[in-house]
Every structure is written in C-alpha cells, then in structure tokens.
Amino acid sequence: TTVTRVMRALPFGVPKIMLTDMASADVSMWLGNKDIFIASPTAEQGINAVTYRIVSNACAAVVAMAKVPNEAPDVKPLAAVTSYGTTTPTQLHITRFFESKGWDCGTFHAVGVGATMEDLIRSGVITAVVDMTPGELTNNMYDSFYGIPKTWDGERMTAASDVGIPQVVAPGGLDQAAYNGMAQFAPEYLEDFRTGKRRGPHGSDKPYVHNEGVTIMVPTLDEIVELSAYMAERLNRTTGPTCFIIPMRGWSAYDQSEEIATRDRGWAEGNGDGPVWEPDEKCPRWSRRATLMWKELHERLDPEKVDVVTIATTSWVKKQLPDLKAIISAGINVVSIAEEMAAPEAQNPEEAAELDALAKEHGVSAIGVGVNPGFVLDHLVVVLTAGSQEVTSIEASRINDLSPYGQTVLSTQGVGTTPEEFKAGVADGSIVGHVGFPESVRLISDALGLGVDRVEQTLEPIIAKVP
C-alpha cells in the first residue's frame, strides 16, 4: 500500500504501526525489510464499538515508541553476523568473541533480513560484519518464501564492500536453500530429485524436510558456479579489509560427513552423513561444492584485490603443494598452517626449494605458522637457551589435552585403541601422532647453528590408567 511504502522509506527506529484487516495474510510485500508493526483492527471503515479500543491502543503505542530515547544508555560498537539454524554453532562462537572484546553483536537470520543488515551497514549503525551465512543467495535463486523481500531495491553482499568496513565472508548455508514447505514444492524441482539432478539425503530421490514449513533444496554444481561468480564479483568491488573463508569440509550442519559429525556440530553422530553432504571424488574428506568454489574463485578473484591467502587444509607439504604453487604463481602471499611448512626443508627439501624459487620469481612470501611447530617445542626452547653460555643438550616435552578435538584428530592420534591396534595403525599410516617433530628439531638446530646429522622419531602409545 501507499502507507507502508512511505513507512519503508523512513529510517530504522522511527515508530511505524500499520493497522490492516489483512494482517493474518502474507504481508511481506508491505513489511519489506523494515521495522513495521502490523496489527489487525478486526474491522474497518471508521471508529465503532469494535475498532475504538484497537485504534486507541495503536495510537498509544506510537506515542510511547516516540518517547523511547534514540540511543541505548550503554552504547557499544555493533557487529553483525548472519546465521541459519544449521550454522548456529559457529555463530555462537563469533558472538561470544565480539562480546568478549566489548562489542555488541547482532545476529541476522538469513531468511530475508540480510537486506536489513545491508541497510543498517549503509546507515553507519553496523561497523563490522561476519557474513558467514549469505543464505538468501540460494533462497532467491529458487524464489523461496525465505528470500530477500521483493520490495527491497538493494543488492546483497554490497554494503560492507561499498562502505569499507571490515568484513569476513563465507559460503555458510549455500549448500542448501530454505525452500517452501513440501506442499508448496515446485513440481520441476521434485523432478530434479527424482532424476538425480539434485541429490536427496542418503541416496533418496526426495528432498530433506527441515520442518513443516521448510524443505531443503540442494543446489546443483552449475548453480554453485553461478553463486561463485556472484560472490567473486562483489568481493572484487570491496574497498575495505575483507577476509573470505571457504570451509573445505562442509558449509553447514547438514553438509558434513559422518566422519566428523557430532551433536555440537549440529548433526549428531550415528545418523550417517549430513543430508546434503557430497564428497569430492579426488579428496573425499572435502566437500565437492567447496573444491568447485575454490577453483572458481581462484579464477575469478582479482589478484590485485587479494593480499594474502591463508590455507588450512592438511599437515603435509606434498599434499598442499599444488595449491601453494597456484597461489604463489598468481602473485599472492600465502600463509599455511601445515605443520611441515614450519620448516619444509626438514623433510621436503626439493619442494621447499621449488616454493622458495617460485615465491622469489613472483615477489611474494610463503610462510608456515602455528603453535607447534612454531612456538612451543622450538621458538620457546631457543629463547630459553639465551640465558646459557653453552648448550650441550636439550630435552623438551609437551602434554596436549585432546578432549576439545573431533573424531578425526582423535583417530589419527590413536585415542581409544588398544596397544595392538595402535601398533597396526602406525604400521599402515592411519595413526600418525603429532606431525612436526622433525620441523621443530630443524628450527632449533638452525637457530643455534648446530646442524642436524639425523632425526629419529618413534611413536609409542600412552596407556590410560582410568577407564
């Protein structure tokens, strides 16, 4: 209506109440993404015995709203984070982080209110954003009820880039779309599931039902390419500090393998793979959608806009080498958290020399970082030797609490195995223990000028004394 069109043009916070006997119908076209209160007067055409009290209440509400102070008594900087129910575990970590730093953090559910977040960024209310769940991109792709309001004339994923505020962006939730209820499911999309064009949960030919009003649509690989192009185009326009993250092992609670699924990660163990999980054929631990988006963004992102790539995919130099070479060859600095990259010359001298030559050729840096190796059993050790005139031997030990880690880490450490199973796992390579001891030895040796004759490494189980 004309009235709500005027209301939508007003700033957030200006009191807005709309009385309409259509309040119980779909009012999204009137509400848009603005803070409009909508109530039903139960009747219309003037003031009468029925409408008098309701209209009076609405007038009193507007007057009361107008008396509310413009600013909260304790104003803190405001950050925004986008979320789905299936990305909530990560959103909670992010919110706690901001709050621990003295910020307020507003959570925007990615079912259309991403538009509101964009407007609040442009108004200056939000000064940092973690857009980790731009779910409206897929919702809009299928014309879902839960997409951006059609009355909004903005563009998703542009405000932070245009204004220049710090932003972290990730494809959280783009493994799915919050589509309409099953009763409103478009027949052509159901046919896609029946023909296998879209993957149903656990090999079925039907979409996953999230709840009575939401059925999960699964994007095809062609649509992931389309989404990648959209995101790259907007990221290339950024004018402020921007970090883009691609989680390689899935983008939501529904997009994870049985191997890593836990209740804390949103998909309880014992239920198989998440309902939209699709492994990469060459690297089954990674999501097929993630490897495709990585490839697309590598080709589409403007190298002049990319300062550094942080890669956190594996512990071993040889496995990470193709990605490292591709990033360096594009003229982009790279930071790796692979344990072997802390001192790659320790066990991979040829690969280390190749990376060094390539980085020098393109004028960029490639560096390995981490706590261990990188600090606890090497840098710290070297610093502690500063008080000694002569160092004849060094013994360093570390006790690590593995309880916060997931099943993947516990399995590679041999936790929960018998001594016989541990020995067999070491022999077949499934149990690797801590990766990085030779690198720590090399770092200490280089710092003290000792040289390394040989490195001996053994893996022995620690037997628990309690059940």
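As the structure is a computational prediction, the values presented were derived from the model and not from experiment. Index from 1, following the sequence.
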Please tell me if the side chains of Leu292 and Val225 come closer than 4.5 Å, counting only heavy atoms from C-beta onward. yes
Residue pair Glu340 / Ser315, side-chain donor-acceptor N/O under 3.5 Å: no
Any side-chain donor paired with an acceptor under 3.5 Å for Gln256 and Arg249? no
Partner of Tyr189 under side chain to side chain contact (heavy atoms under 4.5 Å, CB included), picked from Lys197, Arg194, Arg198, is Arg198
Can you label the angle between the Trp267 ring and the His202 ring as parallel, tilted or perpendicular, going by 30° and 60°? tilted
Examine the side chains of Gln91 and Thr95 and answer whether a donor and an acceptor come within less than 3.5 Å of each other. yes
Is there a donor-acceptor contact under 3.5 Å from the side chain of Asp302 to the main chain of Asn236? no
Return yes if a side-chain donor-acceptor contact under 3.5 Å exists between Thr133 and Thr87, otherwise no. yes
Would Lys319 pass as a cation-pi partner of Trp316, given that its NZ or CZ must be under 6.0 Å from the six-membered ring centre and within 45 degrees of the axis? yes
Under 3.5 Å, side chain of Asn348 to main-chain N/O of Val317, donor-acceptor pair present? no
Is it the case that the side chains of Asn139 and Ser144 hold a donor-acceptor pair, with the cut-off being a distance below 3.5 Å and no angle test? no
What I want to check is whether the side chains of Thr262 and Asp264 have a donor and an acceptor closer together than 3.5 Å. no
pair Val381-Phe375: side-chain heavy atoms closer than 4.5 Å: no
Any side-chain donor paired with an acceptor under 3.5 Å for Ser257 and Asp273? no
Enter the distance from Ile394:CD1 to Leu448:CG here, rounded to the nearest 0.5 Å. 5.0 Å
Let's go through Arg237 and Glu233 carefully: what are the C-alpha distance in whole Å and the side-chain angles of both, what is the deciding distance for salt bridge (charged side-chain N to carboxylate O under 4.0 Å, His left out) to 0.1 Å, and is it a yes or a no? CA-CA 7 Å; Arg237 289 161 45 180; Glu233 194 274 331; 3.5 Å; yes
Do Asp175 and Pro219 have side-chain heavy atoms sitting under 4.5 Å apart? no
I'd like to check Gln176 versus Met217 (side-chain heavy atoms, cut-off strictly below 4.5 Å). Are they in contact? no
When you measure from the side chain of Ser100 to the backbone of Phe97, do you find a donor-acceptor pair of N or O atoms at a distance under 3.5 Å? yes
Donor-acceptor pair, side chain of Asn140 and main chain of Asp143, under 3.5 angstrom: no
Without swapping roles, check the side chain of Ser430 against the backbone of Val426 for a donor-acceptor pair under 3.5 Å. no
Answer whether the closest heavy-atom distance between the side chains of Met132 and Val168 falls below 4.5 Å. no
Quick one: is the NZ or CZ of Arg96 closer than 6.0 Å to the six-membered ring centre of Phe98, and within 45° of its axis? no
So, the side chain of Asp35 versus the backbone of Phe12: is there a donor-acceptor pair under 3.5 Å, distance only? no
Regarding Thr220 and Asp222, is there a side-chain donor-to-acceptor distance under 3.5 Å anywhere? no
Just checking Phe145 against Tyr179, ring centres under 6.0 Å apart? no
For the residue pair Gln167 and Ser161, confirm or rule out a side-chain donor-acceptor distance under 3.5 Å. yes
Evaluate the side-chain proximity of Val276 to Ile216: yes if any heavy-atom separation is below 4.5 Å, no if none is. yes
May I have the step-by-step check of salt bridge (charged side-chain N to carboxylate O under 4.0 Å, His left out) for Glu351 and Lys318, ending in yes or no? CA-CA 7 Å; Glu351 288 79 5; Lys318 286 184 172 65; 3.6 Å; yes
Under 4.5 Å between any side-chain heavy atoms of Val364 and Val334, yes or no? no
So, Ser287 and Glu278: side-chain donor and acceptor under 3.5 Å apart, yes or no? no
Does any non-hydrogen side-chain atom of Trp286 lie less than 4.5 Å from one of Thr313? yes
